[in-house]
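The next block holds one structure in the form of structure tokens; read it before the comments.
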There are 2 protein chains.
Amino acid sequence: MTSENTELSHPGRNDLRLTDVLFALSDPERLAIVRQLAGGPLEMAQCHLSDPSIPKSTKSHLMKVLREAGIIRNEPFGRGRRLSLRYHDLEARFPGLIASVLSACGVESDAGQPGSPAGKP
Amino acid sequence: MTSENTELSHPGRNDLRLTDVLFALSDPERLAIVRQLAGGPLEMAQCHLSDPSIPKSTKSHLMKVLREAGIIRNEPFGRGRRLSLRYHDLEARFPGLIASVLSACGVESDAGQPGSPAGKP
DNA sequence: AGATTGGTTCGAAATTATTCGAACCATCAG
DNA sequence: CTGATGGTTCGAATAATTTCGAACCAATCT
């Protein structure tokens, strides 16, 4: 049977709400996830939480909050899922915001995203 | 009696925590307050909430969250209090963050703050 | 098919935030 | 001093979030 893996719903770029984005980013654990994704997409299984003993239902919920705020994309990938930062959408809707948050939490503005922050012309 | 009006405690510039700042900004009512203060200091009595029937204890609590996150300054002023955005401190600690949040919520980057965003040399 | 891995969803329980009235404090006007 | 205005703080009620186990689903491997 070819019964496509669960497609989760993502808000469209224009439906992103600033307060929801800020809220999702306001949790240390979620922010740490975003930091990891700043380097490029990651399989969920390779995206680690600060405490490895946290149950998967909790991890899934953290991802849900980020996804529903429009911060990350969560798509089927092989037997698991692939997570990615919706950098371009965030940048388009809230220019400079995600870049300043990343830089504030110690992400070297480098490669990883399309129209990344400044740094290398 | 000259018994100084209540001095509230404010976190030092270097004690500002990104997650606290993001959390404080993630509420629409608090964000609206910040928007008003972007134009410069305001007496608390002149700083209005979206719903004018909200009791003053609630308003005071909103200010408390913003103050404890280090976003606003709240100091005695005459018989009331004067509120101001800690733009400079925020900018120093989280470069670009407050500017992008303000611009994302429709604040014309104009005067109002010392080393404000670009716009007018 | 059956077992394994990786992840979502559903409740319920625990934690944390918000809201609001009442009490209180300070300043200014009379 | 008295009253009025402006605001903080406390405590209790309510609302929202977080956390976690159990049940479930999909894809892969044997």
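Predicted model, so just to flag it, every value in this text is computed and none were measured.
Across the protein-nucleic acid pair, B:I72 atom CD1 and D:dG7 atom P stand 12 Å apart, rounded to whole Å. Rounded to a whole Å, the CZ atom of A:R79 is 16 Å from the C1' atom of D:dC25. The distance from atom CD of B:E7 to atom C1' of C:dT27 is 15 Å, rounded to the nearest whole Å. Rounded to an integer number of Å, the gap from B:R82 CZ to D:dT5 C1' is 20 Å. A:D51 places its CG atom 17 Å from the P atom of D:dT18, with the value rounded to the nearest Å. We find that CG of B:L49 is positioned 11 Å from P of C:dC20, with the value rounded to whole Å. Atom C1' of nucleotide D:dG7 and atom CG of B:L62 are separated by 14 Å, given to the nearest angstrom. Separating the CD atom of B:E29 from the P atom of C:dT19 is a distance of 8 Å, rounded to the nearest angstrom.
Checked by atom type and distance alone, the side chain of A:R73 never pairs as donor or acceptor with a backbone atom of A:L83 at under 3.5 Å. Judged by distance alone, the side chain of A:H10 and the main-chain N or O of A:L8 form a donor-acceptor pair under 3.5 Å. No donor-acceptor pair closer than 3.5 Å links the side chain of A:K59 to the backbone N or O of A:A45.
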Under 3.5 Å between N/O atoms: give me all the protein pairs with nucleotides 8-11 of chain D, atom names plus distance.
{"from": "D:dT8", "atom 1": "OP1", "to": "B:N74", "atom 2": "ND2", "distance (Å)": "2.8"}
{"from": "D:dT8", "atom 1": "OP2", "to": "B:S60", "atom 2": "OG", "distance (Å)": "2.6"}
{"from": "D:dT8", "atom 1": "O5'", "to": "B:S60", "atom 2": "OG", "distance (Å)": "3.3"}

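At a threshold of 4.5 Å between non-hydrogen side-chain atoms, the residues A:S109 and A:S103 do not count as touching.
Salt bridge present: B:E75 and B:R82 bring a charged side-chain N and a carboxylate O closer than 4.0 Å.
Taking the centre and axis of the six-membered ring of A:F23, the NZ or CZ atom of A:R30 falls inside the cone set by 45° and 6.0 Å.
Inspection of the A:N74 and A:R67 side chains reveals no N or O donor paired with an N or O acceptor under 3.5 Å.
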Structure string for DNA chain C in dot-bracket form, Watson-Crick and G-U at under 3.5 Å, | interchain: ||||||||||||||||||||||||||||||
